[in-house]
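Before any comments, here is the structure.
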Amino acid sequence: MARNKKITMRKSIAGLKPYAPNLEASGCKMDANENPYDIPADVKKEMLGMFMKEDFNRYPDPVASRLKRALSAHLNVRPESIVFGNGSDEIIACLIQAYAGPGDCIVVPSPTFVMYELIARAAGVRPLRVEAGAGFGINPEMFIKAVSWPSAKLSFIASPNNPTGVVFNKKELVKIIEAARGIVVIDEAYFDFSGETLLPLLKKYKNLAVLRTFSKSFSMAGLRLGYIAAGPDIIEAVNRVRLPYNVNMLTQEAAIVALKRSKKIEKSIKVVIKERERMYNEIKGLYDVPRSSANFFYIKVKDAAKARRAFAAKGISVRAFTEGPCAGRIRLTVGKPAENNRAINILKRGV
Ligand code: PMP
């Protein structure tokens with residue numbers, strides 16, 4: 001009898017849409033903030049050699065102990081202060097699951113990375129958006145007010161922020177951490193392009209967590225690996241809700257090799273930063289665009305959908321914002337020099 005009855009979803013997800021990645025075929029992907037340079041071929045070979053030694057019939061190490069030790073040495077953070085996720089997206093979900101429920105809220109700057117809000121809404125948690133201040137900086141007074149609410153269990157602050165590329169003022173972030181009743185997650189997905197981090201403050205603030213990913217500067221978006229560094233209480237909370245085998249053994253092995261060969265992989269970061277500065281100098285006089293401390297630009301255009309089509313016609317995909325707080329802007333990821341030249345030419349012609 002119940003067989004043909006439509007089974008309804010939870011109310012909290014009724015208004016959500018599945019994540020729609022840009023699937024347009026394009027020769028040149030400048031829409032997802034990836035590193036345009038893949039892992040060097042010799043490092044990839046070393047990774048493949050490690051894969052061959054693995055027993056695929058066995059489950060992976062549920063706590064990624066070898067990887068944790070390698071990252072601990074790389075960051076100079078105790079291994080007990082690290083948890084990995086299948087991308088940092090997964091850790092955002094774990095944090096929300098661990099700390100917030102219906103009736104609670106998360107605080108985010110606006111605009112920012114959409115996943116915080118999507119994951120929160122799916123869990124029945126309200127997002128509280130705090131409008132950006134001047135130059136897309138944080139608005140400290142408003143943010144402090146928001147994080148002082150008893151129901152504000154978590155705040156997510158991406159610095160540099162996505163999609164603006166703006167890095168937030170450290171002193172203002174510290175004031176927010178000190179005022180917050182809940183956990184403050186500083187999402188440093190683009191840290192390597194800015195060089196600014198709050199990692200040394202972990203010892204001082206129990207409510208601080210630093211989120212990072214191997215998807216951007218480390219050229220491993222396809223392998224899915226993110227991590228959080230935090231004090232013991234937050235680590236314990238994430239571990240309680242995290243699925244036991246969330247990071248597969250190939251990703252664990254690849255990341256161990258990536259850390260061993262980090263000098264080689266990190267060469268691309270310098271190239272991307274140099275290209276970012278070159279691009280900024282070319283476009284700053286033509287468009288309303290904040291200085292970027294990440295690997296992308298947030299550019300005000302005449303019409304975002306038209307701009308996307310203008311880039312697509314030349315084989316370049318960009319992220320276009322046609323609605324919401326970012327409407328009328330595009331986000332353009334820094335690519336390889338020749339790709340950047342093509343993008344600059346399109347921008348010079350006017351979009
Ligand atoms: N945080 C920010 C600010 C991001 O821009 C992204 C990716 N777009 C992520 C987290 C998620 O990265 P991943 O899941 O690939 O680690």
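Order of appearance sets the numbers: ligands from 1, and atoms from 1 within every ligand. Hydrogens, waters and symmetry mates play no part in the numbers below; they use all other heavy atoms, side chains included.
Protein heavy atom in closest approach to atom 6 (C) of ligand 1: Phe113 CZ, 3.4 Å. Protein heavy atom nearest atom 1 (N) of ligand 1, with residue, atom name and distance: Asp187 OD2, 2.5 Å. Protein heavy atom nearest atom 4 (C) of ligand 1, with residue, atom name and distance: Tyr190 OH, 3.6 Å.
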_Assess the residue pair Arg242 and Asn239 against the criterion (side chain to side chain donor-acceptor pair (under 3.5 Å)); give the C-alpha distance rounded to whole Å, side-chain angles, the decisive distance to 0.1 Å, and a yes or no._
CA-CA 5 Å; Arg242 178 178 69 82; Asn239 273 330; 3.0 Å; yes
For the pair Arg278 and Asn341, evaluate side chain to side chain donor-acceptor pair (under 3.5 Å) and give the outcome as yes or no after the intermediate values.
-> CA-CA 10 Å; Arg278 179 174 77 88; Asn341 287 342; 2.8 Å; yes
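Side-chain atoms of Asp303 come within 3.5 Å of backbone N or O of Lys306 as a donor-acceptor pair. Side chain of Asn248 to backbone of Thr251: a donor-acceptor contact under 3.5 angstrom is found. Side-chain atoms of Gln252 come within 3.5 Å of backbone N or O of Asp61 as a donor-acceptor pair.
Close approach of ligand 1 to Arg224 (heavy-atom distance below 4.0 Å) involves ligand atoms 13 (P), 14 (O), 15 (O).
Heavy-atom separations between Gly87 and ligand 1 include at least one value shorter than 4.0 Å.
Counting heavy atoms under 4.0 Å from ligand 1, residue Ser88 touches it through both backbone and side chain. By the criterion of a heavy-atom distance under 4.0 Å, neither the backbone nor the side chain of Phe214 is placed next to ligand 1.
When the heavy atoms of Met115, Glu34, Lys216, Glu90 are ranked by distance to atom 8 (N) of ligand 1, first place goes to Lys216.
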